[in-house]
Participant: 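Below is a structure I'd like to ask you about.
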Amino acid sequence: YKSVLSLIVNKCFVIQCMELPSDQVLTFPKSSKRAKRGWVIPPFHVPENSRGPFPVKLVQIKSDYAKETQMQYSITGEGANEDPKGIFTVERLSGNLLVTQPLDREKKASYRLIAHATARDVSNIEEKPMEIVINVIDQNDNRPVFTQNPFNGHVHEAAGKGYEFMTVTATDADDPETNNGIVSYVIVSQEPQFPKPNMFDINILSGTIRVREPGMDREQWPRYTLLIVAADMEGEGLATTGTAVITVTDSNDNPPQFEQTLVMYIYHTVSIPENELGAIVTKLTVTDGDEVGSPAWSTKYRIISGDKGGFFSVSTGPSQLEGIITTVKPLDFEKTKQYVLSVVVENDDPFVGSLPTSTATVTVHVEDVNEPPEFNPKEKVIFKPEDSPVDTVLVTYTATDPDTGKSQKMTYKMWADDAGWLSVSPETGVIKVRNLMDRESAYVKDGKYRVIILAVDDATSPATGTGTLVIELENVNDNAPIINESNITICNRGSAPFLLSITDKDGPPFGAPFSVETQGETSKNWSTSMNDTSTGVFLQLKSTLEQGDYNVVLRVYDQHRLYQDSSIQATVCDCTGDQVLCAKNRLGGLPLSGVLGILGAISTLLLLVLLLLFLRRKSSTEKELLLPEDDVRDNIYYYDEEGGGEDDQDYDLSALHRGLDSRPEVFRNDVAPTFLSAPQYRKRPGNPEEIGTFIDDNLKAADNDSTAPPYDSLLVFDYEGGGSDGGSLSSLNSSSSGQDQDYDFLNEWGPRFKKLSDMFGGGED
């Protein structure tokens, strides 16, 4: 390998290039002008894989200064003092550039070195650094390698000539710009060799495999194996072998066929009841000769005639080889009694070429069933006032029987009438008011009351139809407004007006604006005024009241002057302003002055009782009561002192009943009667509104209970004979006792005793 470099520079290096190995030295011409010095050298090439012996001289580097003084040389860069280090060296005094080992282009294809020259003994003589580029020349030392082995590809059996379907690839580490690194491909064998030995071809440069001969048959030869050679140097160099496995895929060259016959037209006859939605009419099975599970084998179906109304659909079954016909709309026997459907079967993949399709004919007979009556409309809306009287005819709501070929009678029933307001005539369907309606009832939503009416035919298996009646209740003014607050607390001095809210169950125009009037005693101490919208009322004290509870009665009117009285329990506290604070100067709800008055009255009563006891004791000491000597009751211990014990009173009470054994009609008071039945007491009711009646009934039962102590009997201590002018004291009616007692004084005890005053004074039922 020879390379000659000739370079002329001003006072320049002379670089001599030699054949490797070679001792030839080439001297470069010199320039007559020495105004400019520098290193100038073009790239040069060194072949890889040299066998040596090493080191091998590549070139000698000299400086023009070498004639004047001794120069010393060095190199830096890739392959010198940088990785990979030590490949190139230079003799320090001679300037010979040496390579120390074989080069490998596949590891590194180029090196960049920097040459330096300086005077050995003179400090100011130095050449400018020069770059040397060494390119490694490629040799064909690497054979091609397939990127994988084997290669797998697929081609459908109906593919035509020239159809490309896969590519094989091999790589070569040598220089791709030379034949050393360019790979060529060739097919050397095919298995099986049917139907022809050369069914496939390969692109010599790209490795793309294509169909060369058509006529593949997956059912006979489902797979081919090709042996491929990849070589460099245009197929004449280093070579390697690889394998391509080709799988022939199915093409849709076998049309599906309906079973049961070999002819192309199949006939089915089925019956289906009317009105069934989603009912399976029939299942049509088919066969297909293509590959199982492939798109050329799986089937799909179409109804091509006989279903103008869209009552049927056909879908592919789970096995992929059956078509299932179902109803998507209810069939009506009275309209259409028979359908004749034509069904065609196809594959998911289109047919290869022109193939005949298989068709099935399905005759569907519709079976008549007893259908429920139908209301028209299904939901009927009427408008009626909520105060329609009982027995008012609201509407006639009837149904028709869709079974036109049958003569059937219908009966109407009320099904969902939650409030129990309506009734329906079984024969005519006339709907009347049974109980008064109320638009404000919880059963009414958005002013509408809904009921469901049933129509039942008289078939052997009766069918029932339903209709919905919606009554738009027209509002009337049947509810008076009320005040929402039932309890308030205010100060008795300087308090701001208290706003009370008002509601009216009736909607417009029977509600606001409202007006309010005070009633009875309320007018003396309280005043009212309406707010700006007349939907609330301000309540305010007119005078300073003592701390306590007061009943405020307000009469509230709607705009049509329908009114109702509302009672508010007002707690008045001894305070000022809106900071309500009730002082603890009350006892049991009474003012302190009232409590002191009651305590004074009780003290007076106690003094009177003590005085009476003292007078009685004094009178008993003045006159002693002597008992006859022959009295049979001498076994009774007698003493005139109160508070004595009973441990020394061992007496016989039977003596008190002397002569009563012959008087069975006289009751004893020390034993319970055994011949009288006990009264029956009511159990506590679940409805809180019945508590008052419950208490009254059980009170009367207790008053008339003669079996309870003291047994409500004669208190006889001795029999004095008959014919007494005095009346009997027996059977005192405790429930009627106290009728002559005057309880009016309870009215003076304040609001907390009002209920007690009403009960005993007759002011309230």
Participant: Could you tell me whether D446 atom CG has more than 12 heavy atoms of other residues or ligands within 6.0 Å of it?
Facilitator: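 Result for CG/D446: open.
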
Participant: Taking Q257 for its side chain and T287 for its backbone only, find out whether a donor-acceptor pair lies under 3.5 Å.
Facilitator: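 Such a contact is absent between Q257 side chain and T287 backbone.
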
Participant: Do N203 and R210 have side chains that get closer than 4.5 Å, going by heavy atoms?
Facilitator: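 With C-beta onward as the side chain, the pair touches.
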
Participant: L341 versus V364: any side-chain heavy-atom pair under 4.5 Å?
Facilitator: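 The answer is yes; the side chains approach within 4.5 Å.
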
Participant: Taking 4.0 angstrom as the limit, do R112 and E131 come out as a salt bridge?
Facilitator: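 Salt bridge present between R112 and E131.
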
Participant: Is a donor from one side chain sitting under 3.5 angstrom from an acceptor on the other, for N81 and T76?
Facilitator: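 Looking only at side-chain atoms, T76 and N81 do not form any donor-acceptor pair under 3.5 Å.
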
Participant: How far does OG of S110 sit from CZ of R105, to the nearest 0.5 angstrom?
Facilitator: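 One finds 11.5 Å between OG of S110 and CZ of R105.
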
Participant: Taking atom types as modelled, is there a side-chain donor on N49 or D141 under 3.5 Å from an acceptor on the other?
Facilitator: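 Yes, D141 and N49 have a side-chain donor paired with an acceptor closer than 3.5 Å.
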
Participant: Would a 4.5 Å heavy-atom cut-off, applied to side chains only, mark Y224 and Q190 as touching?
Facilitator: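 Yes, side chains in contact.
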
Participant: N347 and D288: side-chain donor and acceptor closer than 3.5 Å?
Facilitator: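 A pair is found: one side chain offers a donor N or O, the other an acceptor, under 3.5 Å apart.
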
Participant: Side chain to side chain contact (heavy atoms under 4.5 Å, CB included) between D290 and N252: does it pass, once the steps are laid out?
Facilitator: CA-CA 7 Å; D290 292 314; N252 195 10; 2.9 Å; yes

Participant: Please walk me through it: do N180 and D232 pass side chain to side chain donor-acceptor pair (under 3.5 Å)?
Facilitator: CA-CA 6 Å; N180 295 339; D232 56 20; over 6 Å; no

Participant: Could you check whether atom CD of Q148 has more than 12 heavy atoms from other residues, nucleotides or ligands sitting under 6.0 Å from it?
Facilitator: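 Check passes, neighbour count above 12.
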
Participant: Please report the shortest heavy-atom distance between S63 and M71, naming the atom on each side.
Facilitator: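 Answer, listing the atom of S63 first, then M71: OG-CE, 4.1 Å.
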
Participant: Could you tell me which residues satisfy salt bridge (Lys or Arg N to Asp or Glu O under 4.0 Å) with K337, sequence neighbours excluded, listed by chain and number?
Facilitator: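 Listed in chain order: nothing, the list is empty.
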
Participant: Keeping the roles fixed (side chain from K448, backbone from V381), state whether a donor-acceptor pair exists under 3.5 Å.
Facilitator: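 Such a contact is absent between K448 side chain and V381 backbone.
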
Participant: Please answer whether the main-chain N or O of V245 pairs with a side-chain N or O of T225 as donor and acceptor at a distance below 3.5 Å.
Facilitator: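 Such a contact is absent between T225 side chain and V245 backbone.
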
Participant: Please give me the minimum heavy-atom distance between V366 and D332, naming the atom from each residue.
Facilitator: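 Shortest heavy-atom separation between V366 and D332 comes out as CG1-C, 4.4 Å.
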
Participant: Could you give the distance from CD (Q70) to CG (D121), rounded to the nearest 0.5 Å?
Facilitator: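 It comes to 7.0 Å.
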
Participant: Working to the nearest 0.5 Å, report the span between OG of S313 and CZ of R302.
Facilitator: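 S313 atom OG to R302 atom CZ measures 14.5 Å (nearest 0.5 Å).
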
Participant: Working note: V211 + F165, criterion side chain to side chain contact (heavy atoms under 4.5 Å, CB included); need CA distance, chi angles, decisive distance, verdict.
Facilitator: CA-CA 8 Å; V211 177; F165 58 90; 4.0 Å; yes

Participant: Answer yes if the side chains of T359 and S342 hold a donor-acceptor pair under 3.5 Å, and no otherwise.
Facilitator: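 No donor-acceptor contact under 3.5 Å links the two side chains.
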
Participant: May I ask you to test the I75-F88 pair for a side-chain heavy-atom distance under 4.5 Å?
Facilitator: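 In short, these two side chains touch, coming nearer than 4.5 Å.
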
Participant: Quick check: do I125 and T69 have side-chain heavy atoms less than 4.5 Å from each other?
Facilitator: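 They are in side-chain contact.
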
Participant: Answer yes or no: is there a side-chain heavy-atom contact under 4.5 Å between I325 and I280?
Facilitator: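 No, too far: nothing below the 4.5 Å cut-off.
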
Participant: Looking at E126 and T118, would you say the former's side chain and the latter's main chain have a donor-acceptor pair under 3.5 Å?
Facilitator: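 No; judged by distance alone, with no hydrogens or angles, the pair does not exist.
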
Participant: Return yes if some donor-acceptor pair links the side-chain N/O of T316 with the main-chain N/O of T299 below 3.5 Å, else return no.
Facilitator: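 Pair found, side chain donor or acceptor close to backbone of T299.
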
Participant: Can I324 and Y301 be said to form a side chain to side chain contact (heavy atoms under 4.5 Å, CB included), step by step?
Facilitator: CA-CA 9 Å; I324 303 175; Y301 305 83; over 6 Å; no

Participant: Are N142 and D172 close enough that a side-chain donor and a side-chain acceptor fall under 3.5 Å?
Facilitator: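 Not at all, the side chains of N142 and D172 share no donor-acceptor pair under 3.5 Å.
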
Participant: Is there a side-chain contact between T468 and R450 (heavy atoms, below 4.5 Å)?
Facilitator: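 In contact.
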
Participant: Examine distances only and state if a side-chain atom of Q72 and a backbone atom of R92 form a donor-acceptor pair shorter than 3.5 Å.
Facilitator: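 A pair under 3.5 Å: no.
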
Participant: For a 4.5 angstrom cut-off between non-hydrogen side-chain atoms, does Q338 reach T363?
Facilitator: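 Yes, side chains in contact.
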
Participant: One pair to check against side chain to side chain contact (heavy atoms under 4.5 Å, CB included): Y111 and L103. What are the steps and the verdict?
Facilitator: CA-CA 11 Å; Y111 296 88; L103 302 181; 4.3 Å; yes

Participant: Checking T169 against T147: is there a side-chain donor and acceptor pair closer than 3.5 Å?
Facilitator: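 No, T169 and T147 have no side-chain donor paired with an acceptor closer than 3.5 Å.
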
Participant: Closest approach of K196 and E213, non-hydrogen atoms and distance?
Facilitator: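 Distance-wise, the nearest heavy atoms are NZ-OE1, 3.1 Å.
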
Participant: Can you name the nearest heavy-atom pair linking Y185 to A170, along with the distance?
Facilitator: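 That would be OH-N, 2.8 Å.
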
Participant: If we ignore hydrogens and angles and just use 3.5 Å, is the side chain of D307 paired with the main-chain N or O of F311 as donor and acceptor?
Facilitator: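 Such a contact is found between D307 side chain and F311 backbone.
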
Participant: What's the separation between atom CG in L277 and atom NZ in K329, rounded to the nearest 0.5 Å?
Facilitator: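 Atom-to-atom, L277:CG and K329:NZ are 11.0 Å apart.
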
Participant: Might you point out which heavy atoms bring A279 and I272 nearest each other, and give the distance in Å?
Facilitator: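 What the structure gives for the nearest pair is CB-CD1, 3.6 Å.
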
Participant: How far apart are the C-alpha atoms of E164 and T208, what are their side-chain angles, what is the distance that settles it, and do they pass the side chain to side chain donor-acceptor pair (under 3.5 Å) test?
Facilitator: CA-CA 7 Å; E164 297 180 348; T208 301; 5.0 Å; no

Participant: Should the heavy atoms of other residues, nucleotides or ligands under 6.0 Å from CZ of F194 be counted, would the total exceed 12?
Facilitator: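 Counting other residues, nucleotides and ligands, CZ of F194 stays at 12 neighbours or fewer.
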
Participant: Checking the side chain of R143 only, and the main-chain atoms of A239 only, is there a donor and an acceptor separated by less than 3.5 Å?
Facilitator: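 Side chain of R143 to backbone of A239: a pair is present.
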
Participant: Specify the closest pair of heavy atoms between V168 and A244, including all atoms of both residues, with the distance to one decimal.
Facilitator: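 Looks like CG1-CB, 4.3 Å.
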
Participant: Measuring from Q101:CD to D104:CG, what's the distance to the nearest 0.5 Å?
Facilitator: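 Separation between the atoms: 10.0 Å.
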
Participant: Will you find, in the side chains of N275 and E371, an N or O donor that is under 3.5 Å from an N or O acceptor?
Facilitator: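 Note: N275 and E371 side chains meet the donor-acceptor criterion.
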
Participant: Keeping T327 on the side-chain end and F312 on the backbone end, is there a donor-acceptor pair under 3.5 Å?
Facilitator: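 Not a single qualifying donor-acceptor pair exists.
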
Participant: I'd like to know if the side chain of E106 reaches the main chain of K108, judged simply by a donor and an acceptor atom lying under 3.5 Å from each other, with no hydrogens or angles considered.
Facilitator: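 No; zero donor-acceptor contacts below 3.5 Å.
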
Participant: Around E379, counting heavy atoms of other residues, nucleotides and ligands shown, do more than 12 lie under 6.0 Å from its CD?
Facilitator: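 Yes, because the 6.0 Å sphere around CD of E379 holds more than 12 heavy atoms from other groups.
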
Participant: Using side chain to side chain donor-acceptor pair (under 3.5 Å), reason through E322 and T285 one step at a time and then give a plain yes or no.
Facilitator: CA-CA 4 Å; E322 65 177 357; T285 56; over 6 Å; no

